[in-house]
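So that the names make sense, note that chain A is the first sequence line, chain B the second, and so on, each numbered from 1. Given the structure is predicted, the values throughout are model-derived calculations rather than measurements.
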There are 2 protein chains.
Amino acid sequence: MPWNLDDSHPIYLQLMERIQHDIISGVYQPGDKLPSVRDLALEAAVNPNTMQKALSELERSGLVYSHRTSGRFITDDSTLLKKIKTDLAQEYIGSFLEQMSRLGISRSETLEMIIQTIGGGDDDTNS
Amino acid sequence: MPWNLDDSHPIYLQLMERIQHDIISGVYQPGDKLPSVRDLALEAAVNPNTMQKALSELERSGLVYSHRTSGRFITDDSTLLKKIKTDLAQEYIGSFLEQMSRLGISRSETLEMIIQTIGGGDDDTNS
DNA sequence: ATCATTGTATTAATTGGATAATACAGATAC
DNA sequence: GTATCTGTATTATCCAATTAATACAATGAT
């Protein structure tokens, strides 16, 4: 599965986001060992340095940490995971609402449009 | 008012978005003449070439058209304006929902979070 | 000890975007 | 007419970010 990267944004940012989401949504579990930089780079079909950059940036948030020679691991701090998840979600919501507002669409209108959009396909893929 | 451009995305894209939003939200009315490339560039504090690029890109969507020597104008086709507005809004909604989904947040959860966020400040700055 | 595997550092090359400096071609004002 | 305003085109240059190629250092396995 080629990681579906597009060329309009920096690749390392897309890698960061993808991995971050995989961690937060539970694809990687707390404490898990991540595949090596080189393996991940191979899987994503990018240069190892690019993957390295993405991962080292991710460390600044505390989501992952590295053990120099034994590999890189997901944090065990599930509280932190939860916090980052809600923070990120709030950030997404905020910029989405601002985007709509700059379009001249009020908050209540936005709400209506979302309900419209969601309405048809009712899914609930969550705990 | 310096146009509030940030350095993380290409400037010409930000210019496009800003102008597009100003058109769609009615800051510029249908049929209006836009300021000249040079004036807009001055106002935004960018190089005229950058502004030129933004505007010429904008023409591809049909939102504006130019008269070679007399200036550049907003389209008069209010149906088109409306369509572009809703298209854009739908696009924003779509990618927002996808973003949340990749975070592992279901659509109904997303809806709840939005309602939460909107809840407090009830505004309705629209027709 | 040897080898493979880990993350990391360093340096080079490439690329896209922004700017700059000009020039051209119509149209309008006077 | 002339001057001035439009949008547009062209070319060169600069710079920062991204990516690439490669080497290094520490650990663990055998």
Discussion item. If you compare every side-chain N and O of A/Asn49 against the phosphate oxygens of D/dT19 (OP1, OP2), does one of them come in below 4.0 Å?
Written reply: no

Item to complete: Measure the distance from CG on B/Asp6 to C1' on D/dA16 and round it to the nearest whole Å.
Response: 15 Å

Worksheet item: Rounded to whole angstrom units, what separation is found between the CD atom of B/Glu59 and the C1' atom of D/dA9?
Response: 15 Å

Practice prompt. May I have the distance from A/Leu58 (atom CG) to C/dT8 (atom P), rounded to whole angstrom?
Written response: 12 Å

Worksheet entry | A/Glu57 CD - C/dG7 P separation (whole Å) | 16 Å

Fill in: Nucleotide of D/dA21, D/dG7, C/dG7 approaching A/Gln52 most closely (side-chain heavy atoms)
C/dG7

Practice prompt. For the residue pair B/Tyr92 and B/His21, categorise the inter-ring angle as parallel (less than 30°), tilted (30 to 60°) or perpendicular (more than 60°).
Written response: perpendicular

Worksheet entry | Minimum-distance nucleotide to A/Ser36 side chain [options: C/dA23, D/dT18, C/dG7] | C/dG7

Worksheet item: A/Arg68 side chain N/O closer than 4.0 Å to the phosphate oxygens (OP1, OP2) of C/dA9?
Response: no

Item to complete: Would you kindly give the CG-to-P distance between B/Asp7 and D/dC15, to the nearest whole Å?
Response: 15 Å

Item to complete: Find the distance A/Arg38:CZ to C/dT8:P and express it as a whole number of Å.
Response: 11 Å

Item to complete: Answer yes or no: are there more than 12 heavy-atom neighbours, outside B/Asp6 itself, under 6.0 Å from its atom CG?
Response: yes

Practice prompt. Name the residue closer to the 5' end of DNA chain C, choosing between B/Val46 and A/Thr69 according to the nucleotide with the nearest heavy atom.
Written response: A/Thr69

Worksheet item: Does D/dG7 have OP1 or OP2 sitting under 4.0 Å from an N or O in the side chain of B/Ser56?
Response: no

Discussion item. Judged by each residue's nearest nucleotide on DNA chain D, which is more toward the 5′ side, A/Asn47 or A/Ser70?
Written reply: A/Asn47

Worksheet item: Counting just side-chain N and O atoms, does A/Lys53 come under 4.0 Å of either OP1 or OP2 of D/dT18?
Response: yes

Discussion item. Can you measure B/Leu40 atom CG to D/dC5 atom P for me and round it to whole angstrom units?
Written reply: 16 Å

Discussion item. Does C/dA18 have OP1 or OP2 under 4.0 Å away from a side-chain N or O of B/Tyr12?
Written reply: no

Worksheet item: How about A/Lys83: does its NZ atom have over 12 heavy atoms from other parts shown lying under 6.0 Å from it?
Response: no

Discussion item. Any base atoms under 4.0 Å from A/Leu55, or only sugar-phosphate, or nothing? Heavy atoms, all strands.
Written reply: nothing

Item to complete: Would you kindly give the NE2-to-C1' distance between A/His9 and D/dT19, to the nearest whole Å?
Response: 18 Å

Fill in: Listed nucleotide nearest any side-chain atom of B/Thr50, set C/dT8, C/dT19, D/dT6
C/dT19

Worksheet item: A/Pro10 has a side chain; which of D/dA21, D/dT18, D/dG7 sits nearest to it?
Response: D/dT18

Response to the item:
CG of B/Asp32 to CD1 of B/Ile23, rounded to nearest 0.5 Å, is 9.5 Å

Worksheet item: Mind checking whether A/Pro35 and A/Tyr28 have side chains closer than 4.5 Å, heavy atoms only?
Response: yes

Practice prompt. Over all heavy atoms of both residues, which pair between A/Ala54 and A/Met16 is shortest? Give the atoms and the distance, please.
Written response: O-CG, 3.4 Å

Discussion item. Which nucleotide wins on minimum distance to the side chain of B/Arg72, given the candidates C/dG7, D/dA20, D/dT8?
Written reply: D/dT8

